[in-house]
Amino acid sequence: MNWLKTLAAAAALQAAILAPAHAGENLAAIKSAGALKIGTEGTYAPFTYHDTDGKLVGFDVEIGEAIAKKLGVKAEFLEGKWDGLIAGLDANRYDAVINQVGITEARKQKYDFSEPYIASKAVLIVRADDDSIKGFADLKGKKSAQSLTSNFGKIAQEAGAELVGTDGFDQSIQLVLTGRADATINDSLSFLDFKKHKPDANVKIAAEQENADYSGVIIRKGEPELLEAINKALVDIKADGTYKAISDKYFGQDVSK
């Protein structure tokens, strides 16, 4: 029976050695490796995208770099398509995903989230010289440019608007600017990014929904030390002004609230 005990001991030792990898590279392993592996899209401006020189840049990229710095390691980004991005955590491709991932109850059943670091709201966008639409209720009988299958489109429809179908934010804004639509309901962060690049555009926010949607850093369950370290890093970068500097750079204001 001694050989059974030897095999059992060997198996236990191997399990102990492999545990950090299967658990998703715990905090000690990350620090030992000197890198926090971060999954991201690389095609989702202004959060994560490539500049004209091909360099990976964006709000989430800089947030990831700032978090890694607070952990005492470097950020190592691994890019992937959105459809399989979160699943990459299960395959141990990376330690975290930072890609404006919305915090939902369904995702929280399987993964852990950091404290929220992005807040976005549905906003009602109209031409700057249009005072006839002051709130969502004023959309009744008006034309609203929307992606027809989006939640924003449903909000506009419920308010009584006639939907004008578009492929996304950019097209919706253009229809409002040219008068082919009276308004669009869209994401507040997309609007801030648009106004950052085109501050003189003849559009404004007429109203915004009270409740915000929040995004966080998402990791595998069972890594409390890593989760605590990421949360502390977020607190620290907000306290020392790093977060505000990054937020101002991409959106012109603090987008954590």
Side-chain angles (χ1 to χ4, degrees), residues 14-51 53-120 189 213-238 242-243 246-247 250 255-256:
Q14 184 179 28
I17 293 171
L18 294 177
H22 287 304
E25 293 287 349
N26 63 25
L27 183 60
I30 289 168
K31 290 188 174 183
S32 176
L36 175 68
K37 294 181 180 179
I38 300 171
T40 197
E41 276 182 284
T43 57
Y44 182 36
F47 298 95
T48 163
Y49 63 103
H50 291 266
D51 64 15
D53 295 324
K55 182 183 177 183
L56 182 66
V57 296
F59 175 80
D60 275 333
V61 173
E62 293 197 30
I63 291 295
E65 289 171 340
I67 290 173
K69 185 176 181 180
K70 291 295 183 183
L71 266 57
V73 299
K74 291 184 178 180
E76 180 183 332
F77 293 95
L78 299 168
E79 297 176 50
K81 294 182 179 179
W82 170 253
D83 290 345
L85 198 60
I86 297 176
L89 285 171
D90 301 324
N92 294 314
R93 286 196 65 218
Y94 26 73
D95 308 303
V97 172
I98 304 182
N99 198 92
Q100 203 202 6
V101 181
I103 300 172
T104 66
E105 289 303 317
R107 287 173 180 155
K108 285 167 67 176
Q109 295 297 314
K110 189 173 182 181
Y111 305 96
D112 279 336
F113 278 93
S114 71
E115 291 299 314
Y117 72 98
I118 303 175
S120 62
L189 301 183
D213 292 318
Y214 295 97
S215 298
V217 179
I218 183 171
I219 67 172
R220 282 176 291 275
K221 281 189 177 294
E223 298 187 355
E225 296 87 357
L226 177 58
L227 185 63
E228 183 181 355
I230 290 173
N231 279 331
K232 184 178 185 305
L234 287 171
V235 169
D236 289 346
I237 66 173
K238 288 179 181 179
T242 301
Y243 181 93
I246 298 171
S247 191
Y250 289 97
V255 295
S256 67

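Here the structure is a predicted model, which is why all the values come from computation and not from measurement.
Between Ala233 and Lys70, the shortest heavy-atom distance links the atoms CB-CB, 3.6 Å. Contact record, Ile237 with Ala66: CG2-CB, 4.0 Å, taken as the closest heavy-atom pair. Summarising the geometry of Glu76 relative to Ala35, their closest heavy-atom pair is OE1-CB, 3.8 Å, with the distance given to 0.1 Å. The shortest non-hydrogen separation linking Ala75 to Gly64 is CB-O, 4.0 Å. The two residues Lys238 and Pro116 have their closest heavy-atom pair at NZ-O, 3.6 Å. Ile103 approaches Ser114 most closely through the heavy-atom pair CD1-O, 4.1 Å.
Going from atom CD of Glu41 over to atom CD of Glu79 covers 9.5 Å, rounded to the nearest 0.5 Å. Rounding to the nearest 0.5 angstrom, the gap separating the NZ atom in Lys74 from the CD1 atom in Ile38 is 13.5 Å. How far NZ of Lys37 is from CG of Leu89: 12.5 Å, rounded to the nearest 0.5 Å. Expressed to the nearest 0.5 Å, how far CD1 of Ile219 lies from CD1 of Ile86 amounts to 13.0 Å. Here the straight-line distance linking atom OG of Ser247 with atom CD1 of Ile63 works out to 7.5 Å at 0.5 Å rounding.
Between Lys221 and Asp112, at least one side-chain N (NZ, or NE/NH1/NH2) sits under 4.0 Å from a carboxylate O, which counts as a salt bridge.
A donor-acceptor contact closer than 3.5 angstrom links the side chains of Asp90 and Tyr111.
Of the possible donor and acceptor atoms, one in the side chain of Asp51 sits under 3.5 Å from a partner among the backbone N and O of Asp53. The main-chain N or O of Gly58 is never found under 3.5 Å from a side-chain atom of Thr48 such that the two would form a donor-acceptor pair. A donor-acceptor pair under 3.5 Å is formed between the side chain of Asn231 and the backbone N or O of Glu115. Without hydrogens or angle criteria, Tyr243 side chain to Tyr117 main chain gives a donor-acceptor distance under 3.5 Å. Distance alone, capped at 3.5 Å, is enough to place a donor-acceptor pair between the Asp60 side chain and the Gln100 backbone. Thr40 contributes a side-chain N or O that, together with a main-chain N or O of Ile98, makes up a donor-acceptor pair within less than 3.5 Å. With Arg93 contributing its side chain and Gly39 its backbone, the two residues share no donor-acceptor pair below 3.5 Å.
In this structure, the side chains of Tyr94 and Leu85 come closer than 4.5 Å at one or more pairs of heavy atoms. Tyr49 is listed as a side-chain neighbour of Val57, based on a closest heavy-atom distance under 4.5 Å. Between Leu27 and Leu71 the shortest side-chain heavy-atom distance falls below 4.5 Å. Between Ile67 and Leu234, some side-chain heavy-atom pair lies under the 4.5 Å cut-off.
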side-chain contact (heavy atoms from CB on, under 4.5 Å) for Val101 and Phe113? Distances and angles first, verdict last. CA-CA 9 Å; Val101 181; Phe113 278 93; 3.8 Å; yes
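Annotation: Lys69, atom NZ; neighbour count of heavy atoms from other residues, nucleotides and ligands within 6.0 Å does not exceed 12.
Taking the six-membered ring where the residue is Trp, Phe59 and Phe47 present perpendicular rings, their angle passing 60° and hence far from 30°.
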